[in-house]
Amino acid sequence: MAQAKISAKASEGAQQQQQQQQQSGGQLRGRFYRSTSMADRSSRLLENLDQLELRVEAFRDAASAMEQEKETLLEMIHNIQNSQDMRHISEGEREELNLTANRLMGRTLTVEVSVETIRNAQQQESLLHATKMIDEIVNKLLDDLEDAKIRLMSLYGACTSDVPAGPIDQKFQSVVIGCAIEDQKKIKRRLETLLRNLENSEKSITLLEHQKSSVRQSCNSKQD
């Protein structure tokens, strides 16, 4: 009788142990399935974020292109207003064209586009330094136009990968390298704009001097 009780207890214990193992196995399988589901979900989320990152970069590029287009439009309108052709038309026509140009400029200025550049402390300092170096030359444009042009060309040569036509400013180059990539592009565009404006100014001055010379020769011919 005692032996039967012992056998019954042993059998009961074995059954309980088997049930516990089955429950434990079920929990492990459940955890495994949940982990797989979490991995799939994480993978899908990561894929969505990767796609969004591409769209964010495309969005910033489009905004940057609009920013450049605004600068180009304003420069073109300004050049028309200050062109030699505007000086050789009647006053009434010039006034009418200036009104149209001012209207276009006003409409262009109503569009606000701004792409903020993320910079660390060193990049911020480099940008301020580069801007200061350009501003110093711009502030002396009227004092010596030719010298300012040469100095601006040396700065521009430090920003381009093409073979420069003349010497480059090594100090400015080291400063620009420390700027953020987006700031480097903006610095280069600003120098290009300044050089174009200088070239247009030189053409205007040359044409004006030629006209003055022609007038003097005509007056001398009449006197003779």
Side-chain angles (χ1 to χ4, degrees), residues 49-83 101 104-207:
L49 287 174
D50 287 341
Q51 293 175 355
L52 285 172
E53 184 175 12
L54 294 176
R55 293 182 61 180
V56 167
E57 291 306 313
F59 172 66
R60 284 179 60 86
D61 290 342
S64 180
M66 290 181 63
E67 197 174 38
Q68 294 178 42
E69 178 65 9
K70 178 181 178 180
E71 294 174 1
T72 301
L73 288 171
L74 292 173
E75 182 184 353
M76 292 174 68
I77 295 170
H78 177 77
N79 289 340
I80 289 175
Q81 287 182 304
N82 294 276
S83 66
L104 292 175
M105 185 171 291
R107 286 178 61 81
T108 305
L109 290 172
T110 60
V111 180
E112 291 292 339
V113 185
S114 178
V115 181
E116 296 296 330
T117 302
I118 300 174
R119 312 178 184 91
N120 57 35
Q122 181 181 353
Q123 290 172 335
Q124 180 68 27
E125 183 179 354
S126 296
L127 175 62
L128 292 174
H129 193 181
T131 302
K132 182 180 179 181
M133 293 177 72
I134 298 174
D135 289 343
E136 287 176 352
I137 299 176
V138 172
N139 291 334
K140 297 179 181 179
L141 273 174
L142 297 178
D143 298 335
D144 191 338
L145 192 65
E146 186 61 29
D147 179 67
K149 181 181 178 181
I150 293 174
R151 293 179 65 188
L152 286 175
M153 288 181 67
S154 70
L155 298 188
Y156 179 74
C159 299
T160 179
S161 58
D162 299 331
V163 178
I168 65 173
D169 191 314
Q170 299 287 347
K171 180 180 179 181
F172 184 75
Q173 187 177 54
S174 64
V175 172
V176 172
I177 290 175
C179 296
I181 298 297
E182 292 180 355
D183 288 329
Q184 291 180 22
K185 295 177 181 178
K186 290 182 179 180
I187 290 170
K188 183 180 177 181
R189 289 205 307 271
R190 184 188 178 191
L191 290 170
E192 288 173 342
T193 300
L194 287 169
L195 287 170
R196 278 199 305 271
N197 290 338
L198 276 177
E199 185 177 355
N200 292 333
S201 298
E202 287 181 335
K203 289 180 180 178
S204 298
I205 293 172
T206 301
L207 183 58

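Along the sequence shown, residues carry numbers from 1.
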Got a second to check how far Leu152's CG is from Asp147's CG, nearest 0.5 Å?
-> 9.5 Å
Check the pair Asp183 / Gln123 against side-chain contact (heavy atoms from CB on, under 4.5 Å), numbers first and verdict last.
-> CA-CA 9 Å; Asp183 288 329; Gln123 290 172 335; 5.6 Å; no
Are side-chain heavy atoms of Glu125 and Gln122 found at a separation under 4.5 Å?
-> no
To the nearest 0.5 Å, how far apart are CG in Leu73 and OG1 in Thr108?
-> 5.5 Å
Hey, is CD on Glu136 packed in by over 12 heavy atoms from elsewhere, all under 6.0 Å?
-> yes
Does Leu127 reach the side chain of Lys186, with side-chain heavy atoms less than 4.5 Å apart?
-> no
Between Asp135 and Arg190, does at least one N-O distance fall below 4.0 Å, as a salt bridge requires?
-> yes
For Arg196 and Asn79, run side-chain contact (heavy atoms from CB on, under 4.5 Å): C-alpha distance rounded to whole Å, both residues' side-chain angles, the deciding distance at 0.1 Å, then the answer.
-> CA-CA 10 Å; Arg196 278 199 305 271; Asn79 289 340; over 6 Å; no
On a heavy-atom basis, the closest approach of Ala130 and Ile187 is CB-CD1, 3.8 Å
To the nearest 0.5 Å, what is the distance between CD (Gln184) and OG1 (Thr117)?
-> 11.0 Å
Closest non-hydrogen atom pair between Leu109 and Glu112, with its separation | O-OE2, 3.7 Å
What closest approach, in Å, do Leu191 and Cys159 show between heavy atoms, and which atom pair accounts for it?
-> CD1-SG, 3.9 Å
Over all heavy atoms of both residues, which pair between Ala63 and Val113 is shortest? Give the atoms and the distance, please.
-> O-CG1, 3.3 Å
With the side chain counted from C-beta on, respond yes when Leu74 and His78 share a heavy-atom pair under 4.5 Å apart, and no when they do not.
-> no
Is the number of heavy atoms from other residues, nucleotides or ligands within 6.0 Å of CG (Leu49) greater than 12?
-> yes
State the CE-NZ distance between Met153 and Lys149, to the nearest 0.5 angstrom.
-> 6.5 Å
side-chain hydrogen bond (donor to acceptor under 3.5 Å, both in side chains): pairs with one or both residues in residues 57-73, sequence neighbours excluded | Arg60-Glu182
Closest approach of Ala148 and Ile137, non-hydrogen atoms and distance?
-> O-CG2, 3.8 Å
Give, for atom CZ of Phe59 and atom CG of Leu52, the distance between the pair rounded to the nearest 0.5 Å.
-> 13.0 Å
So which heavy atom on Lys188 is nearest to which on Thr160, and how close?
-> NZ-OG1, 4.1 Å
Please walk me through it: do Ile134 and Leu194 pass side-chain contact (heavy atoms from CB on, under 4.5 Å)?
-> CA-CA 10 Å; Ile134 298 174; Leu194 287 169; 3.8 Å; yes
